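Data first, discussion second: the structure below is written as structure tokens.
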Amino acid sequence: MPKVTLQERIAALKLAVKWTYNSSKPLTVVVFLITVLAGLLTVVEPYVFRIIIDRIVSGAEFSFVEKMGIGIAGILVIYAVAKILQNLFWDMQMIIKRIHAQRLDKYATRAMMEKVSSLDAVYFENPEYYNTLTKANQHLWRVTEFFWQFTWFAGQAVSVVVILSALFAFNWLVVALILLASLPSIVLAFRASEILWSAFDTSSPIFRHAYYYKSLMTERPEAVKEIKLFGLKSHFLERFDSLFSDFLKKQEKAAWRELALFSGINLLGGALSVFAAWFVIKEFVDGGITIGQVTFYWALLFQFAENARHMVRMIGELNQSAIFLSPVVKILSFEPVIKEAEHPHKFPSRLKKGIEFRNVTFYYPRSKKPALKNFNLLIKPGQSLALVGENGSGKTTLVKLLTRLYDVSEGEIFIDGKNIKEYSLDSLYENIGVIFQDFMKYEALVEENIGYGRLGKIKRKGRVHEASVKAEAWEFIKELEQKYKTHIGKTLVDEGTELSIGQWQKIALARAFFKDANLLCLDEPTAAVDARAEYRLFRKFRQLTKNKTTILISHRFSTVRMADRIIVMHNGKIVEQGSHRQLLANKGRYSRLFRMQASGYKDFFDLQKGKAP
């Protein structure tokens with residue numbers, strides 16, 4: 001297990017300070033000013049008591065009081081003002097810190113959302129990245145905690161400096177002794193943080209695994225049906241218990257070790273504090289100080305012991321926060337793999353030469369088998385192309401490369417004669433409309449769900465309606481009580497409407513049509529759509545894809561036959577291509593797959609011909 005280096009801890013603390021300040025600059029400054037002022041008032045209370053005790057015991061007037069023209073009443077007024085200010089500063093600090101913490105939480109969460117969403121798909125194929133992301137998300141709250149810890153530490157530090165200054169005037173040996181007592185405590189506090197991190201870091205994959213089962217049983221409605229019908233509830237609960245038990249054992253072991261260290265800290269600090277107190281008593285016995293001064297210095301020693309204890313604990317907590325925030329720093333250090341050209345071109349408003357895959361080979365991360373191997377394909381402008389093949393043949397991979405979710409491992413992809421890497425990413429994304437087979441189900445209004453295809457035109461209600469009609473979604477939308485204003489899903493809104501998987505797919509298809517891009521990629525666009533809607537889409541396919549270059553992926557031959565050209569893929573290569581009739585006549589792989597699927601309808605045609613099934 002790699003240790004978190006000092007450099008990584010400093011980077012984490014720098015990040016926390018930067019985010020704290022940037023989230024609200026005025027509040028950050030105010031909190032620290034109040035913290036410093038509150039710390040400076042630390043010695044006022046014991047000093048006032050010293051003056052009063054000496055006055056009562058000796059009965060003598062105070063020289064400084066005479067000069068100021070005030071008596072004990074005046075001293076008490078000063079004490080009252082200091083006490084009121086101290087309490088006021090504390091209350092102000094708590095209120096402002098609470099407001100600041102909310103702003104900081106929002107700032108940190110948004111920064112993480114922005115960073116993670118900017119990373120490429122390749123990161124999400126990496127288990128190590130997932131582990132780091134899990135740890136970062138679990139401890140992002142420590143950014144806010146750091147703010148509380150640091151302000152508390154700053155206040156304690158100011159108090160300690162003021163107390164040490166007063167004690168130094170009495171006897172520098174006392175200061176040396178109590179500083180000596182603090183050093184081992186700081187070292188042990190750092191050690192305790194490392195023990196806690198070690199337990200967490202080794203347990204993180206276990207924790208992520210356990211919470212996968214939690215997610216299945218509490219956060220994913222689609223899993224409920226199978227869990228009930230397959231009787232998986234007890235099995236998943238047992239796995240959760242087993243995994244979490246391992247996690248808890250490691251955490252408990254770390255907690256006991258941490259307790260042992262802090263017990264050592266307290267014993268050492270207590271022993272050296274007794275020696276410091278002995279110096280004060282000895283000085284009084286020798287007649288070097290008054291009873292009021294004894295009270296003053298003893299109060300300072302007790303205050304120092306308390307403040308130093310909290311300060312050492314805060315140093316340990318700050319170190320702990322730095323260690324646990326290191327995954328956040330690591331996530332923020334990741335950079336997109338898909339790079340844009342220094343002087344990128346805009347995607348052509350209309351394709352003239354088409355799209356060419358030239359000797360393309362592609363490996364998914366951590367895979368030794370290529371998803372595409374020496375792949376060559378030319379797609380003409382305005383052509384509708386269907387990709388057919390068994391699962392894993394490379395069909396969806398082709399679309400992912402064309403949309404630059406990944407870059408090719410070898411070879412090149414050309415669009416109108418230019419390498420795809422020469423086009424700006426925004427321009428590329430803007431001109432490609434895609435529906436993947438694992439399409440998104442956004443919890444939002446119907447019109448928003450469709451409008452997400454092109455946010456700049458989301459307010460054009462006519463276009464939203466046109467897209468829904470094209471996708472056959474209007475047939476069920478018109479039956480909804482609020483039509484396009486209906487909220488889909490019940491996670492965010494109690495009164496939301498649940499859709500069937502087929503209805504969700506129609507919404508996703510409408511989103512792709514709403515984008516109205518030059519290049520349309522449809523991956524299993526009718527897999528969940530009912531037969532009637534699929535037939536109607538089939539009838540108007542050419543109209544829907546007119547003047548567009550279209551790539552259609554489907555296992556349904558009733559769907560792919562509508563394409564101008566059909567490409568049959570196997571093990572990342574093209575094994576056949578041609579029109580539906582040509583491929584049937586060739587009696588190759590396409591013909592065999594088609595006849596296998598058509599055999600399911602043999603009974604129907606036999607009945608039509610008057611034959612017994």
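These numbers were taken from a predicted model, which means no experiment stands behind them.
- Side chain of S427 to main chain of S424: no donor-acceptor pair is present (N/O by atom type, distance under 3.5 Å, no hydrogens or angles).
- Separating the OG atom in S393 from the NE2 atom in H570 is a distance of 8.5 Å, to the nearest 0.5 Å.
- In this structure E390 satisfies the salt bridge (charged side-chain N to carboxylate O under 4.0 Å, His left out) test together with R589, sequence neighbours excluded.
- When all heavy atoms of L372 and G394 are compared, the pair lying nearest together is CD2-O, 3.8 Å.
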Handout entry: Worked verdict on I413 versus V360 for side chain to side chain contact (heavy atoms under 4.5 Å, CB included)
Key = CA-CA 7 Å; I413 300 175; V360 169; 4.0 Å; yes

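- Rounded to the nearest 0.5 Å, atoms NE2 (H100) and NZ (K25) are 11.5 Å apart.
- The two residues L325 and A16 make their nearest non-hydrogen contact at CD1-CB, 4.3 Å.
- For the residue pair N374 and N359, no side-chain donor N or O sits within less than 3.5 Å of a side-chain acceptor on the partner.
- Considering only residues two or more places apart in sequence or on other chains, V116 meets the side-chain contact (heavy atoms from CB on, under 4.5 Å) condition with M112, F124, Y129, L133, I331.
- K395 places a side-chain N or O within 3.5 Å of a backbone atom of G389 that can act as its donor or acceptor partner.
- Looking at F513 and I450, their side chains never come closer than 4.5 Å, going by heavy atoms from C-beta outward.
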Handout entry: Derivation of the side chain to side chain contact (heavy atoms under 4.5 Å, CB included) call for F439 and Q505
Key = CA-CA 7 Å; F439 53 86; Q505 188 162 40; 3.7 Å; yes

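- Here I338 pairs with D120, R404, D407, L425 under the side-chain contact (heavy atoms from CB on, under 4.5 Å) rule; sequence neighbours left out.
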Problem - F414 and I355: CA distance, side-chain angles, deciding distance, side chain to side chain contact (heavy atoms under 4.5 Å, CB included) verdict - result: CA-CA 6 Å; F414 294 94; I355 300 166; over 6 Å; no

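- Applying the salt bridge (charged side-chain N to carboxylate O under 4.0 Å, His left out) test to K115 and every residue at least two apart in sequence or in another chain returns E335.
- Take H487 and apply the ring-ring contact (aromatic ring centres under 6.0 Å, His included) test, not counting sequence neighbours, and it matches no residue.
- Pairs of residues two or more places apart, or lying in two chains, that qualify as salt bridge (Lys or Arg N to Asp or Glu O under 4.0 Å) and include a residue from residues 409-430 are E430-R454.
- Of the possible polar contacts, none joining the T109 side chain to the K106 backbone as a donor-acceptor pair under 3.5 Å is found.
- The local environment of NZ in K346 is sparse, with at most 12 non-hydrogen atoms from other residues, nucleotides or ligands closer than 6.0 Å.
- In the model, R103 has no side-chain atom that pairs as donor or acceptor with a side-chain atom of S23 under 3.5 Å.
- Here W504 contributes atom CH2 and L499 contributes atom CG; the two are 5.5 Å apart, rounded to the nearest 0.5 Å.
- To the nearest 0.5 Å, atoms CG (L405) and OH (Y429) are separated by 6.5 Å.
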Problem - side chain to side chain contact (heavy atoms under 4.5 Å, CB included) between L387 and I551, intermediate numbers included - result: CA-CA 7 Å; L387 302 178; I551 297 174; 3.9 Å; yes

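- In this structure, I488 and E443 have side chains that are not in contact, with every pair of non-hydrogen atoms separated by 4.5 Å or more.
- Residues satisfying the ring-ring contact (aromatic ring centres under 6.0 Å, His included) criterion with Y452, sequence neighbours excluded, are Y442.
- Remark: E448 engages no residue in a salt bridge (charged side-chain N to carboxylate O under 4.0 Å, His left out) (not counting sequence neighbours).
- Of all heavy-atom pairs between I435 and A508, the closest is CD1-CB, 3.6 Å.
- No side-chain heavy atom of V328 sits under 4.5 Å from any side-chain heavy atom of V143.
- Annotation: salt bridge (Lys or Arg N to Asp or Glu O under 4.0 Å) contacts involving residues 14-24, sequence neighbours excluded, are absent.
- When all heavy atoms of F362 and V408 are compared, the pair lying nearest together is CD1-CA, 4.3 Å.
- One distance of note links CG of L428 with CG of L519; it measures 8.5 Å at 0.5 Å rounding.
- In terms of the salt bridge (charged side-chain N to carboxylate O under 4.0 Å, His left out) criterion, residue partners of R358 (sequence neighbours excluded) are, by chain and number, E356.
- Taking Y423 as the reference, F347 meet the ring-ring contact (aromatic ring centres under 6.0 Å, His included) condition, with sequence neighbours excluded.
- Partners of K369 under the side-chain contact (heavy atoms from CB on, under 4.5 Å) rule, at least two apart in sequence or in another chain, are S367, N571.
- Classified by interplanar angle (parallel below 30°, tilted 30° to 60°, perpendicular above 60°), the ring pair Y364/Y406 is perpendicular.
- Heavy atoms only, all atoms of each residue included: S118 and P336 are closest at O-CG, 3.6 Å.
- Counting only distance, with no hydrogens or angles, the side chain of R110 and the backbone of D105 share no donor-acceptor pair below 3.5 Å.
- Atom CG in L104 sits 11.0 Å away from atom CG in L27 (nearest 0.5 Å).
- Put simply, the side chain of T549 does not reach to within 4.5 Å of the side chain of N518, judged on heavy atoms.
- Between L402 and C521, the shortest heavy-atom contact is CD2-SG, 4.2 Å.
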